[in-house]
Amino acid sequence: MFSTRRRFGINVSLAVAALTITSAAMAQQQPPPLSVKPLNGDVYWTQGGAGGNTGIIVGKDGVIVVDAKTTPASSKDVQAEIAKITPKPVTTAILTHSDGDHVNGLAAFPDGLTIIAQENCKKEMEASVNSKQPAPQNRLPTKTVDKKADLTINGVKFTLLHFAPAHTSGDLMVYLPAQKIVFTGDIITTNGPFTLIHLEKNGSSAGWIETVKGLIMLNADTYVPGHGDLQTKADLQARLDRVEAQREKIKKLVVEGKTLDQIKQELGEVDTPPAPGAPQFASFTTVVYEELTKKS
Ligand SMILES: [Zn+2]
């Protein structure tokens with residue numbers, strides 16, 4: 001996800017600036033409260049709380065969740081909301097990708113959960129073991145998908161799709177064909193004009209374009225993004241057009257032999273530091289530049 005960025009006036013004393021920064025950092029740590037919103041059928045999505053959006057699908061004998069939030073506390077909040085909707089147990093979690101804000105909350109789910117993910121997502125969760133905030137190693141995926149799986153879970157039909165490495169190497173799109181809903185994970189996030197690619201997880205901007213083209217081809221009306229508000233097919237098309245055009249612009253400048261700084265300047269991109277405590281991610285321009293200039 002992107003960090004919240006704020007601009008500060010320059011005519012303030014250092015003390016006031018320090019106070020403002022502290023409150024910005026606190027705002028960063030305190031996301032809006034969790035809210036649950038119904039879609040069609042027995043499908044819900046949640047927004048707010050710590051971490052990405054999640055999905056809740058109530059099946060015949062149990063509940064399937066899509067993604068698991070960042071912390072055990074935030075995942076418990078989701079489970080408490082599920083208990084208000086149905087007394088059925090959560091049997092299955094489907095993961096859209098390996099980022100901590102989507103999988104680390106798995107720690108608060110009971111033993112015996114079926115966890116489904118793309119096979120590279122599992123590898124990335126395993127590889128996170130020595131990182132600052134590792135994925136819970138006793139909640140690794142129990143079933144993996146390569147490119148595509150048609151599954152019926154608790155009577156609900158799912159098509160799970162991996163088009164290409166995009167946001168990460170292991171993105172999995174969760175498509176509910178009967179309800180015409182797709183959970184996209186962070187392939188779509190509405191807090192920036194372009195898209196976030198984790199090169200360190202072997203993501204790819206070309207793979208992102210392929211993935212979004214695949215999402216648009218699906219017979220779906222509602223796309224639940226990893227962060228932000230619900231999207232329509234037209235919203236996805238507009239984002240795809242914007243990203244493709246920007247990628248072409250960057251490519252042209254790379255071919256002309258421009259440096260990254262020159263390209264950023266040409267595109268009017270200003271480097272802004274992240275809010276205190278927030279992670280810094282490479283911009284779309286940096287990602288595309290690195291992809292196109294990488295010596296293989
Ligand atoms: Zn995320």
Please check if [X] and [Y] belong to a single hydrophobic cluster, counting links between Ile, Leu, Val, Met, Phe, Trp and Tyr side chain heavy atoms closer than 4.5 Å.
X	Y	value
Val145	Val182	no
Trp45	Ile116	yes
Leu39	Ile57	yes
Leu230	Met173	no
Leu161	Phe183	no

Apply the test side-chain hydrogen bond (donor to acceptor under 3.5 Å, both in side chains) to residues Asn104 and Thr70: give CA-CA distance (whole Å), side-chain angles for both, the deciding distance (0.1 Å), then the verdict.
CA-CA 5 Å; Asn104 285 7; Thr70 311; over 6 Å; no
Within the 3.5 Å criterion, strictly below it, is a donor on [X] or [Y] matched to an acceptor on the partner's side chain?
X	Y	answer
Thr144	Gln118	no
Thr189	Asn191	yes
Asp77	Ser74	no
His198	Asp99	yes
Ser35	Gln47	no
Thr190	Gln231	no

Just so I know, are the side chains of [X] and [Y] near enough to count as touching, which here means a heavy-atom distance under 4.5 Å?
X	Y	answer
Thr159	Pro177	yes
Ile94	Ile153	yes
Thr96	His167	no
Leu176	Lys157	no
Lys251	Val254	no
Leu160	Val174	yes
Asp186	Asp101	yes
Thr195	Ile187	no

Over all heavy atoms of both residues, which pair between [X] and [Y] is shortest? Give the atoms and the distance, please.
X	Y	result
Cys121	His97	SG-C, 3.6 Å
Ser128	Pro134	O-CB, 3.1 Å
Glu124	Ser169	OE2-OG, 2.5 Å
Leu199	Gly203	CD2-O, 3.7 Å
Pro110	Arg139	C-NH2, 3.6 Å
Gln79	Ala108	NE2-O, 3.3 Å

Give a yes or no on whether the backbone of [Y] and the side-chain of [X] come within a donor-acceptor separation of less than 3.5 Å.
X	Y	answer
Arg239	Phe194	yes
Gln246	Val243	no
Thr114	Thr92	no
Ser283	Thr286	yes

Audit row: Lys122, Glu119, salt bridge (charged side-chain N to carboxylate O under 4.0 Å, His left out) steps and yes/no:
CA-CA 5 Å; Lys122 183 179 183 181; Glu119 52 196 35; over 6 Å; no
Apply side-chain hydrogen bond (donor to acceptor under 3.5 Å, both in side chains) to the pair Asp42 and Gln179, showing each step before the final yes or no.
CA-CA 9 Å; Asp42 290 311; Gln179 293 86 352; over 6 Å; no
What do the steps show when you test Thr46 against Thr54 for side-chain hydrogen bond (donor to acceptor under 3.5 Å, both in side chains), and what is the final call?
CA-CA 5 Å; Thr46 79; Thr54 64; 2.5 Å; yes
Would Lys294 and Glu290 count as a salt bridge (charged side-chain N to carboxylate O under 4.0 Å, His left out) here? Give the steps.
CA-CA 6 Å; Lys294 201 167 99 185; Glu290 286 185 11; over 6 Å; no
Quick one: hydrophobic cluster around Ile56, which other residues, with the 4.5 Å side-chain cut-off, linked directly or via members?
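Joined to Ile56, directly or through intermediates: Leu34, Val36, Tyr44, Val58, Val63, Val65, Val78, Ile82, Ile85, Val90, Leu95, Val103, Leu106, Phe109, Leu113, Ile115, Met125, Leu140.
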Measuring from [X]:[atom1] to [Y]:[atom2], what's the distance to the nearest 0.5 Å?
X	Y	atom1	atom2	result
Gln262	Leu267	CD	CG	12.0 Å
His102	Thr168	NE2	OG1	10.0 Å
Thr259	Tyr289	OG1	OH	6.0 Å
Leu172	Asp146	CG	CG	10.5 Å
Lys258	Thr293	NZ	OG1	15.0 Å

Are more than 12 heavy atoms, taken from residues, nucleotides or ligands other than Lys88, located less than 6.0 Å from that residue's NZ atom?
yes
Which donor-acceptor pairs under 3.5 Å do side chains of residues 212-226 form with protein atoms, sequence neighbours excluded?
| from | atom 1 | to | atom 2 | distance (Å) |
| --- | --- | --- | --- | --- |
| Lys213 | NZ | Glu244 | OE2 | 3.4 |
| Tyr223 | OH | Leu215 | O | 2.7 |

Quick one: do Asp261 and Gln265 satisfy side-chain hydrogen bond (donor to acceptor under 3.5 Å, both in side chains)? Show the steps, please.
CA-CA 6 Å; Asp261 281 343; Gln265 206 174 3; over 6 Å; no
